[in-house]
Number of protein chains: 2
Amino acid sequence: MTRRGAYAKGIAKREEILTTALEVVAAHGYRRASVRELADAVGLSAAGLLHYFDSKEELFTAILRKRDEHDQTAYGTDGAGLDMLLTVIRHNATVPGLVQLYAQLAVEAVDPAHPAHGFFRERTDGLQEHFRAAVVRAQENGELRGDLDPAWVATSVQALSDGLQSMWLLDPAIDMAAHIERFLDALRPGAHPQGGTAS
Amino acid sequence: MTRRGAYAKGIAKREEILTTALEVVAAHGYRRASVRELADAVGLSAAGLLHYFDSKEELFTAILRKRDEHDQTAYGTDGAGLDMLLTVIRHNATVPGLVQLYAQLAVEAVDPAHPAHGFFRERTDGLQEHFRAAVVRAQENGELRGDLDPAWVATSVQALSDGLQSMWLLDPAIDMAAHIERFLDALRPGAHPQGGTAS
DNA sequence: GTCTATAAGTCGATAGAC
DNA sequence: GTCTATCGACTTATAGAC
């Protein structure tokens, strides 16, 4: 915003840092969400890292934003609504460090004064609208029961995903995607025989 | 061990501290889970508080244990399985500080080396078994569809509760109990007309 | 039993050398 | 643009006075 001459280069370096941070957090996880730890991970000093970000909160919010952006382009093949959720969840099961970072920042951002509060609010609103539209389509296609309130299904799907990720962090034996698939199966019209156990 | 009088008194003071901590956290919430902050809240210095607890983690784990204990005696009228969950969730909606403390410690305890890790693992296992048995009873009474895997329903109910609490912390307009009721309604046998919207 | 004082460490963030 | 060095404000935890 305030930089002029090195604007393009600064932006590029910022993106490079975020991409590296995503990879290294995904691969090695992290212990605390501290600037020093992340600086070591991306190969900079803490001061060097904060040259590109105004504060710790802005830095970690930017990482989560970059994650969403990546997931959107990687798995968001246009109208794929609830299928995309399953794809993302399956991907998340391979990057526990990112899931942990997300969960940790989400709790801290509960305070309306937290710099990331707006990010999570807007993210939730966007996901809710995305899911709600997908539920309406699924109902029109006869894949979901028509008597269900789309907004309720949307909220439930997101709450279930968040909750399953918390439980999975605690016990990685849980199959998150299978649980969500079963949830959607249980809401299909007609008879619903179930197979074996999930997790 | 050798000094009986002091032993009993120490235990009593411990309990008193925990009860006070529960009340004050429930009423005023808290910002960070720091010993200093809680010490102020219960009217002791940080050193005085740590006289009764070996470490910060043990202290906060004890608070959550006390919370479960309180909820169990207050709302756990024997066999009331899924009804108790709704009662507790409705109560939780009146104590955001406790919900926040729980969510924060749960994320930190994801690390198997964290002192509270065992607490959360055992708590999850206990709840799962409790819910699973309640689901089996509900199925026998015809209140839930018989084709559903009880273990799956149990996990889903807990994940949904956890996820709803996270979303509620972010946006207190959400009606957590109503969402869970709808979930259970959606899994009842026969037709399932739904009423208005749930937040 | 509870305090003050303080140790020993980490945190985010800044100043200034290069 | 990135570093070293450092600041001041925190943290948990301990030692010892009372």
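Here is how names work: the chains are called A, B, and so on, in the same order as the sequence lines, proteins then strands, and each is numbered from 1. Computed from a predicted model, the values in this text were never measured in an experiment.
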Is any side-chain heavy atom of A:Leu105 less than 4.5 Å from a side-chain heavy atom of A:Thr61? yes
Nucleotide [N], atom [atom2] - distance to [atom1] of [X] in whole Å:
X       : N      : atom1 : atom2 : result
A:Leu44 : D:dT4  : CG    : P     : 10 Å
A:Leu49 : C:dC11 : CG    : P     : 14 Å
A:Asp40 : D:dC3  : CG    : C1'   : 14 Å
A:Leu38 : C:dC11 : CG    : C1'   : 15 Å

Checking the side chain of A:Glu37 only, and the main-chain atoms of A:Arg32 only, is there a donor and an acceptor separated by less than 3.5 Å? yes
- prompt: Would you find a donor on one side and an acceptor on the other, under 3.5 Å apart, between the side chain of A:His51 and the backbone of A:Ala47?
  reply: no
Sorted by chain and number, sequence neighbours left out, ring-ring contact (aromatic ring centres under 6.0 Å, His included) with B:Tyr102 holds for B:Phe120
Per-nt protein contacts along nucleotides 11-18 of chain D (heavy atom under 4.0 Å; B base, S backbone sugar-phosphate only, - none) come out as SSBB----
Which atom pairs, one a donor and one an acceptor, fall under 3.5 Å between side chains of residues 15-23 of chain A and the rest of the protein, sequence neighbours left out?
| from | atom 1 | to | atom 2 | distance (Å) |
| --- | --- | --- | --- | --- |
| A:Glu15 | OE1 | A:Lys66 | NZ | 2.5 |
| A:Thr19 | OG1 | A:Glu15 | O | 2.9 |
| A:Thr20 | OG1 | A:Glu16 | O | 2.9 |

- Item | Geometric class of the B:Phe183/B:Trp152 ring pair [parallel <30°, tilted 30-60°, perpendicular >60°] |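 Ring orientation of B:Trp152 relative to B:Phe183: tilted.
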